[in-house]
Amino acid sequence: MQEKYLPSEIERAAQAQWAARQAYRASDASERPKYYCLSMFPYPSGKLHMGHVRNYTIGDVLARYHAMRGFNVMQPMGWDAFGLPAENAAIANGVPPAAWTYANIDHMRAQLKALGFAIDWSRELATSKPGYYRWEQWLFTRLFEKGVIYKKMATVNWDPVDATVLANEQVIDGRGWRSGALVEKRDIPMYFFRITQYADELLSGLDNLPGWPERVKTMQANWIGKSVGVRFAFPYTRDGKDEQLWVFTTRADTIMGVTFCAVAAEHPLATRAAQDNPALAAFINECKQGSVAEADMATMEKKGMDTGLTVTHPLTGEQVPVWVGNYVLMSYGEGAVMAVPAHDERDFGFAQKYGLPIKQVIGVEGETFSLDAWQEWYGDKARGRCVNSGKYDGLDYAAAVDAIAADLAAKGMGEKKTQFRLRDWGISRQRYWGCPIPIIHCDRCGDVPVPAEHLPVVLPEDVVPDGSGNPLNKRADFVNCACPQCGSAARRETDTMDTFVESSWYYARYACPDFDGGMLDARANQWLPVDQYIGGIEHAILHLLYARFFHKLMRDEGLVASDEPFVNLLTQGMVIADTYYREAADGKKTWFNPADVELRDGVAVLKSDGQPVTVGGTEKMSKSKNNGVDPQALIDQYGADTARLFTMFAAPPEQSLEWSDAGVEGAHRFLKRLWKTVYEHVQGGVVAAFPHPNPPPLAGEGANAEPKPINDAAKALRRQLHQTIQKVGDDIERRKQFNTAIAAVMELMNALARLDGDDDVTRSVRQETLEAAVAMLAPIVPHIAEALYAELRPGAALAWPAVDESALVQDEIELMLQVNGKLRGQIRVAAAADKAAIEAAALASEAAQKYLEGKPPKKVVVVPGRLVNIVV
RNA sequence: GCCGGGAUGGCGGAAUCGGUAGACGCAGCGGAUUCAAAAUCCGCCGCUGGUAACAGUGUGGGGGUUCGAGUCCCCCUCCCGGCACCA
């Protein structure tokens with residue numbers, strides 16, 4: 001055995017050996033129970049970042065652990081290959097997005113292999129390949145024919161200078177990121193998935209996901225946002241015609257307090273009023289500026305303008321003024337809202353600002369309504385009883401809503417309605433590097449889906465976008481085609497799909513990536529649902545909701561048999577690091593990578609020039625803040641095992657992980673010590689492990705089943721060993737707390753180092769401990785574990801150690817002794833002692849005597865196995 | 001703004017069901033080894049007072065429940081994630 005721990009050597013050897021025997025190839029035909037372990041696939045941005053290392057190490061630990069426990073494990077990997085960054089790189093460097101993407105994939109695949117992940121590479125896929133997106137296009141045409149996909153107008157961010165639709169990310173302070181032009185809202189036609197049709201099932205299905213974190217389920221439930229309310233109309237007459245302004249409210253009980261209505265800038269009523277009102281027209285134009293992002297809408301200053309029009313209150317008959325409000329969105333509900341300033345925070349602010357009347361219609365007994373205390377009237381208190389509401393006075397929330405809905409229905413002016421906050425999913429993107437939408441526009445036949453036999457609609461890969469518009473529009477060979485129905489000249493749709501579509505079903509395609517006869521084959525149901533899904537918490541809502549939705553779409557197409565795609569979900573925290581920057585005179589910040597910064601006399605300075613930089617706080621590793629730590633340098637210096645050990649040890653998986661170079665050093669030190677401990681033991685000759693229920697046969701020792709006499713120190717170590725086996729299995733399998741699993745093995749190794757003696761029994765206990773410790777670490781640091789186990793048990797395959805129950809038995813245990821809840825000492829009692837015996841022992845103890853001063857205790861609390869608390 | 005999460009030594013974190021706060025690791029300090037250094041090994045290490053034994057105090061802030069609260073309840077502050085075209 002090599003005396004020195006040489007990571008690069010043993011890692012290369014282990015990886016070559018795994019590849020040679022195809023160790024991680026998942027069998028489609030196995031007797032063993034399946035375990036499908038999936039990590040969210042990466043966007044091929046260039047090179048792996050620490051978030052990837054963390055994500056895939058978590059998945060690999062679980063995959064390897066389950067393989068050691070006898071499961072038929074599948075851990076696949078692929079590439080979320082379409083997306084905006086490829087186009088940005090194209091604009092910056094003049095490289096086609098395809099070439100850039102595939103080069104990145106090659107580099108990142110090599111990095112993943114260097115980390116030693118137990119991935120079945122035979123199932124690798126990239127979403128930008130026609131063999132993949134072909135089936136996405138096929139499903140699109142099926143759903144289009146079923147009406148699950150439809151077309152409607154939707155609002156986008158429009159850059160008037162670049163003549164391009166911008167992603168929210170590309171809008172900075174209301175301006176286009178490249179042009180700096182003020183962004184405008186613009187309505188364009190888009191294709192939508194009718195996800196709202198599945199809203200109820202997506203909501204109720206959360207109850208069948210006990211393996212998901214509560215917080216993710218809560219976020220999804222709030223996102224779907226089911227609410228029962230009332231949709232009703234304010235009638236009005238215009239140009240001699242009777243018309244209606246429809247609104248939706250969850251607070252119909254406050255309908256008698258309506259003092260105005262507010263409509264979106266794009267609302268037909270606003271458009272009409274603006275025709276002979278230049279000031280209003282100007283205001284509407286102003287409203288149309290800025291981004292469409294909800295966060296921007298919600299935080300901007302609430303502004304409005306009177307249209308001069310009024311509508312009739314459906315119950316009181318009063319005239320109600322109609323305002324245009326910049327906070328009312330055309331795409332939400334009806335594009336119009338009723339306003340009750342007394343009982344809605346936003347309406348209140350608006351009314352205060354523009355001097356609109358405020359009318360209290362809800363009261364809480366014993367409390368006086370006052371404008372100063374208006375905030376008090378939200379939450380539970382808002383659900384008081386009706387006042388100043390005529391016939392509805394005295395009714396509570398539910399009764400008032402029922403009565404008001406009934407009266408509106410009787411007049412044909414409204415009805416109860418279940419409303420979801422969830423909106424249909426718009427998937428059209430005016431971008432090149434995505435999956436083409438398989439639609440052909442024919443002047444005669446309209447929107448015609450591309451027939452299955454003509455799929456895939458292949459995206460040309462030699463295009464270089466320039467940042468203005470979609471380059472596909474300039475490709476006559478792509479655009480011009482014949483209508484599949486009538487054969488006349490037609491135009492191909494040039495919008496591509498939202499990349500969330502590709503990531504909504506890739507998990508299913510891994511079961512049968514080579515199948516070219518359809519989207520999925522029978523192997524999908526063999527492997528699905530995914531047993532464990534791992535990915536960042538930032539995907540808690542959108543990606544995970546879309547994937548659940550897609551699973552139900554595929555189920556309803558008869559492609560999968562299950563209702564939900566992911567049985568267990570682990571949402572890992574972010575990897576964060578310090579940020580450093582310098583600010584120029586014009587306020588522009590230049591960010592420096594932590595690797596280029598060092599501390600000199602407590603001041604952060606740039607290594608290159610020694611001048612100070614400003615410390616900008618600890619944030620998610622990102623390109624924009626230039627605080628990403630390149631895992632490659634770490635692997636080169638310490639090896640993959642150290643990188644894996646550190647990322648698993650530094651924080652529990654669900655919390656954010658703060659990067660630290662010093663911690664890496666500690667992880668490496670532990671592996672060196674482990675290597676040395678095994679080396680020293682092996683130098684003395686390997687022996688059979690201490691007898692336990694399944695004595696492992698070792699050449700020369702035979703079936704040595706005679707129990708050997710064992711001293712107290714070795715017995716104590718064996719107790720700790722088997723407690724550790726119990727704990728580590730529980731930490732990995734149930735708790736998914738790898739940091740404490742590692743800490744427990746470290747403690748065990750520290751205890752082993754203190755075990756003296758070179759007799760046969762002690763050596764066999766040492767052998768047992770080392771075998772188990774190496775096996776327990778194998779899922780986390782597989783290369784070194786492989787090498788060490790081969791020295792400890794030549795020829796044997798790594799196996800998870802079994803717990804020896806008999807080693808756990810204790811005769812005497814220590815309890816803590818509290819007086820008035822404060823720790824004052826310990827007592828030793830027999831492990832089997834009952835409450836009375838424990839109490840007697842406690843009262844007889846020196847510490848108890850000291851604090852009781854001869855007086856009887858007021859109360860004694862005995863928690864067997866834990867403590868005694870004496871109240872004096 | 002709305003929804004979700006977090007805050008524990010100098011640092012990362014542990015305390016799994018309300019029961020020894022600070023496991024494990026990093027940094028630091030002291031010692032051994034060495035010509036010297038690196039590496040390695042041993043010891044100390046929340047704060048305040050004390051030579052020490054020990055005492056007091058301590059889990060973002062304020063209040064509450066309990067024999068007992070980092071953990072449960074109410075209020076507050078700050079930080080982070082998501083907000084539908086970043087992935």
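All of these numbers come straight from a predicted model, not from anything done at the bench. Labels below follow one simple rule: chain letters A, B, ... track the order of the sequence lines, proteins then strands, and each chain is numbered from 1. What you see below is based on every heavy atom in this structure, not just the backbone, and it leaves out hydrogens, waters and symmetry mates.
Comparing atom distances between the N168(A) side chain and each of G19(B), A87(B), A84(B) picks out A84(B) as nearest. Of the candidates G19(B), G1(B), A84(B), the closest approach to any side-chain atom of A295(A) belongs to G1(B). The nucleotide whose nearest atom lies closest to any side-chain atom of T740(A) is, among A15(B), G5(B), G19(B), A15(B). The side chain of M219(A) sits closest to C3(B) out of A14(B), G25(B), C3(B). Out of C67(B), A84(B), G82(B), the shortest distance to the side chain of K859(A) is found at C67(B). Taking the side chain of E169(A) as heavy atoms from C-beta on, and the options C86(B), C24(B), G1(B), the nearest nucleotide is C86(B). Candidate nucleotides G56(B), C86(B), C41(B) were compared by shortest atom distance to the side chain of R824(A), and G56(B) ranks first. Which of G12(B), G81(B), U16(B) sits closest to the side chain of I537(A) comes down to G81(B). Distances were taken from every side-chain heavy atom of D730(A) (C-beta onward) to each of U16(B), A15(B), C67(B); the shortest belongs to U16(B). Closest contact between the side chain of R673(A) and the listed nucleotides A15(B), G1(B), G25(B) involves G25(B).
Between the side chain of R186(A) and the main chain of V165(A), no donor-acceptor pair closer than 3.5 Å is present. Put simply, the side chain of W433(A) gets close to the backbone of A81(A): a donor and an acceptor are under 3.5 Å apart.
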Can you give the dot-bracket line for RNA chain B, where a pair is Watson-Crick or G-U wobble with both atom distances under 3.5 Å, crossing pairs use [ ], and | marks a partner on another strand? (((((((..(((......[....))).(((((.......))))).((((....))))..(((((..]....))))))))))))....
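Residues W212(A) and Y533(A) place their aromatic rings such that the two centres sit no closer than 6.0 Å. A centroid separation of less than 6.0 Å is found between the aromatic rings of Y327(A) and F350(A).
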Test ring pair (Phe, Tyr, Trp, His ring centres under 6.0 Å) applied to F550(A) and F193(A), step by step: CA-CA 10 Å; F550(A) 242 74; F193(A) 277 87; 5.6 Å; yes
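Nearer the 5' end of RNA chain B, as judged by each residue's closest nucleotide, is the contact made by Q826(A), out of Q826(A) and V871(A). Checking V216(A) against K850(A), the closest nucleotide of RNA chain B that is more toward the 5' end is the one next to V216(A).
Applying the 3.5 Å distance criterion, the base of C3(B) shares no donor-acceptor pair with the side chain of N222(A). For a distance-only test at 3.5 Å, the side chain of Q818(A) qualifies as a donor-acceptor partner of the base of G19(B). For K727(A) against U16(B), a side-chain N or O and a base N or O form a donor-acceptor pair under 3.5 Å. Under 3.5 Å, the side chain of R734(A) and the base of U16(B) form at least one donor-acceptor pair of N or O atoms.
As rounded to the nearest Å, G18(B) and A27(B) have P atoms that lie 35 Å from one another. Distance check on atom C1': G22(B) versus G58(B) gives 11 Å, rounded to whole Å. Comparing G81(B) with A87(B), their C1' atoms sit 14 Å apart, to the nearest whole Å. Nucleotides G64(B) and U59(B) are separated by 15 Å at their P atoms, to the nearest Å. Taking atom P in both C83(B) and G70(B), one finds a spacing of 37 Å when rounded to whole Å. With both ends at atom P, the span from U66(B) to U71(B) equals 16 Å, rounded to whole Å. Taking atom P on both nucleotides, G46(B) is separated from C24(B) by 13 Å, rounded to a whole Å. Comparing the same atom, P, in A15(B) and in C72(B) gives a spacing of 14 Å after rounding to whole Å.
Using a 3.5 Å distance cut-off with no hydrogens or angles, the side chains of N168(A) and N157(A) do pair a donor with an acceptor. T164(A) and D159(A) share no donor-acceptor pair across their side chains, judged by distance under 3.5 Å alone.
Closest approach of G865(A) to I813(A), counting heavy atoms only: CA-CD1, 4.1 Å. Minimum heavy-atom separation, R548(A) to L202(A): NH2-O, 2.7 Å.
Here A744(A) lies out of heavy-atom contact (under 4.0 Å) with every strand. R735(A) comes within 4.0 angstrom of a nucleotide base, judged by non-hydrogen atoms across all strands.
One interatomic measurement links the two molecules: NZ of K4(A) to P of U40(B), which rounds to 11 Å at whole-angstrom precision. Per the geometry, CG belonging to L817(A) stands 13 Å off C1' belonging to G19(B), to the nearest Å. Atom pair R215(A):CZ and C83(B):C1' shows a separation of 17 Å (rounding to whole Å applied). The separation between I224(A) atom CD1 and A84(B) atom P is 17 Å, rounded to whole Å. For I827(A) and U20(B), the CD1 to C1' distance is 13 Å, given to the nearest whole Å. When the P atom of A84(B) is taken as reference, atom CG of L545(A) falls 14 Å away, rounded to whole Å. Going from atom CZ of R866(A) over to atom P of A69(B) covers 16 Å, rounded to whole Å. Between the P atom of C67(B) and the CG atom of N820(A) lies a distance of 12 Å, rounded to the nearest Å.
Base orientation of C17(B): syn (glycosidic angle within 90° of 0).
Between R669(A) and A27(B) there is a side-chain N or O to OP1 or OP2 distance below 4.0 Å.
Between D162(A) and R178(A), at least one side-chain N (NZ, or NE/NH1/NH2) sits under 4.0 Å from a carboxylate O, which counts as a salt bridge.
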